[in-house]
Amino acid sequence: MFSAADYTAMEQALALAARGMFTTTPNPRVGCVLMKDGMVIGEGYTQPAGQDHAEIQAMKDAISRGHDPAGATAYVTLEPCSHFGRTPPCADALVRAGIARVVAAMEDPNPTVSGRGLQRLRDAGIDVRCGLLEKEARDLNIGFISRMTRGLPWVRVKVAASLDGGTALHDGTSQWITGQPARDDGHAWRARACAILTGIGTVRDDNPALTVRAIPTPRQPQRVLVDSRLEVPLDAQILNRDTGDFAKPVLVFCAIEDKARQRALEARGAEVVVLPNPHGKVELRRMLEELARRGINELHVEAGFKLNGSLIREGCADELLVYLAPKLLGDAQGMFNLPPLSKLEDATEFRWHEVRQIGDDLRLIARRADTQR
């Protein structure tokens with residue numbers, strides 16, 4: 001069904017899509033390559049929201065190089081859109097340009113598209129194929145797929161630990177368990193996320209800024225705090241908007257109404273979101289639904305073992321990003337606060353997705369068994 005040339009062109013399109021890793025939110029990361037007479041005549045990837053999609057960029061690129069897109073094959077990592085959003089439909093633009101063939105990696109999970117773009121192309125007489133390197137395309141947009149199909153962001157919980165599972169000494173000391181390469185790699189995962197989540201315990205113990213610092217990034221992810229009783233100190237670094245280029249306020253989720261504290265936090269530039277709960281705890285599922293409503297695709301969690309455990313217990317953690325250092329801490333704080341089990345069959349199961357050495361440490365990625373993508 002697909003030739004070696006098709007695979008090569010789609011690999012190029014995926015590489016282009018990855019160039020939008022930090023900038024396309026809330027839109028998906030999409031790349032497009034135009035081939036004609038065995039030659040690449042145009043390339044493009046989705047620009048920030050409200051600007052050109054990948055297909056439009058590729059056609060503009062072709063024209064700027066002196067090529068006519070008519071008769072070309074478009075390799076695109078996601079089905080061309082068929083609806084008016086902030087920009088016109090890409091499917092219509094491909095038809096008008098006279099594209100002869102479209103190869104898509106996957107259908108768009110957005111219910112307003114979901115096959116309609118491909119059908120519009122077929123109706124116009126274009127040769128349409130779909131499914132080339134689909135797994136790679138899905139991994140690139142795992143958060144967007146989650147938000148479109150489940151109404152929830154993809155939740156990635158990052159932990160740095162010793163071989164025996166320790167994340168900090170009992171006095172809270174945790175800097176640094178892993179080496180610099182692993183810490184830098186962690187910042188790359190921060191950068192690709194739409195938002196970074198932590199809990200009030202981590203703010204009290206470590207006072208993190210939760211910014212991307214180790215790698216260049218065109219934007220800082222939105223910062224999110226779970227603080228059921230609005231106990232965050234007003235001088236906490238997470239509230240400091242001078243530590244990075246923050247276009248959006250810090251979101252503070254709480255479970256109680258406290259107008260005075262809300263006003264004080266809002267004066268510091270935060271936005272307080274109250275999710276009333278008689279038990280006095282933030283309902284994590286409701287919080288995730290609200291984040292998805294705000295266009296958050298990937299949520300990166302850097303929290304303590306209590307919030308980590310709550311996310312797992314409530315079925316809200318999709319992926320574990322664990323850095324293991326080759327050292328033993330003995331009796332130390334663990335990774336997840338989980339209740340004891342009476343049966344092994346009750347264990348929360350994950351599946352290995354990737355294992356890689358980063359410097360002297362191991363990076364383990366595991367995905368919950370019932371949320372495999």
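Just so we're clear, the structure is a prediction, and the values are computed from it rather than from any experiment. Residue numbers start at 1 and run along the sequence shown. The figures here come from the full heavy-atom set of this structure, side chains too, leaving out hydrogens, waters and symmetry mates.
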**OP:** Report, as yes or no, whether the 6.0 Å neighbourhood of atom NZ on Lys306 holds more than 12 heavy atoms from other residues, nucleotides or ligands.
**Re:**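 It does not: Lys306 NZ has 12 such atoms or fewer within range.
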
Please list, one pair per line, the donor and acceptor atoms closer than 3.5 Å that link side chains of residues 273-287 to other protein atoms, with sequence neighbours excluded.
from	atom 1	to	atom 2	distance (Å)
Asn277	OD1	His279	N	2.9
Asn277	ND2	Lys281	O	2.6
Arg285	NH2	Gly315	O	3.2
Arg286	NH1	Pro276	O	3.1

Mind checking what makes salt bridge (Lys or Arg N to Asp or Glu O under 4.0 Å) contact with [X], not counting sequence neighbours?
X: Arg356; result: Glu354
X: Arg29; result: Glu298
X: Arg122; result: none
X: Glu257; result: Lys259

**OP:** Name all residues meeting the side chain to side chain donor-acceptor pair (under 3.5 Å) criterion together with Glu136; count only those two or more places apart in sequence or in a different chain, and write none if there are none.
**Re:**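 Partners of Glu136 under the side chain to side chain donor-acceptor pair (under 3.5 Å) test: none.
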
**OP:** Identify, with sequence neighbours excluded, every residue that meets side chain to side chain donor-acceptor pair (under 3.5 Å) alongside Ser310.
**Re:**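 So Ser310 forms a side chain to side chain donor-acceptor pair (under 3.5 Å) with Arg313.
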
Original post:
Hydrophobic clusters join Ile, Leu, Val, Met, Phe, Trp and Tyr when side-chain heavy atoms are under 4.5 Å apart, directly or via other members; which others share one with Leu329?
Top reply: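 Besides Leu329, the cluster holds Ile177.
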
Original post:
Taking the six-membered ring of Trp176, is NZ or CZ of Arg183 closer than 6.0 Å to its centre and within 45° of its axis?
Top reply: yes

With a 3.5 Å cut-off and sequence neighbours excluded, list the donor-acceptor pairs that the side chains of residues 56-72 form with protein atoms.
from	atom 1	to	atom 2	distance (Å)
Lys60	NZ	Asp52	OD2	2.7
Asp61	OD2	Glu43	N	2.8
Asp61	OD2	Arg65	NE	3.2
Asp61	OD2	Arg65	NH2	2.9
Ser64	OG	Asp61	O	2.7
Arg65	NH1	Val40	O	3.4
Asp68	OD1	Ala70	N	3.0

Can you give each donor-acceptor pair under 3.5 Å made by side-chain atoms of residues 196-205, sequence neighbours left out, with the distance rounded to 0.1 Å?
from	atom 1	to	atom 2	distance (Å)
Thr198	OG1	Glu302	O	2.7
Thr202	OG1	Gly304	N	3.1
Arg204	NH1	Glu231	OE1	3.1

Original post:
What residues, two or more places apart in sequence or in another chain, satisfy side chain to side chain contact (heavy atoms under 4.5 Å, CB included) together with Thr73?
Top reply: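 Side chain to side chain contact (heavy atoms under 4.5 Å, CB included) list for Thr73, sorted by chain: Tyr75, Arg101, Val103.
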
Please set out all donor-acceptor pairs under 3.5 angstrom arising from side-chain atoms of residues 334-350, sequence neighbours excluded.
from	atom 1	to	atom 2	distance (Å)
Glu349	OE1	Arg351	NH1	3.0
Glu349	OE1	Arg351	NH2	3.3

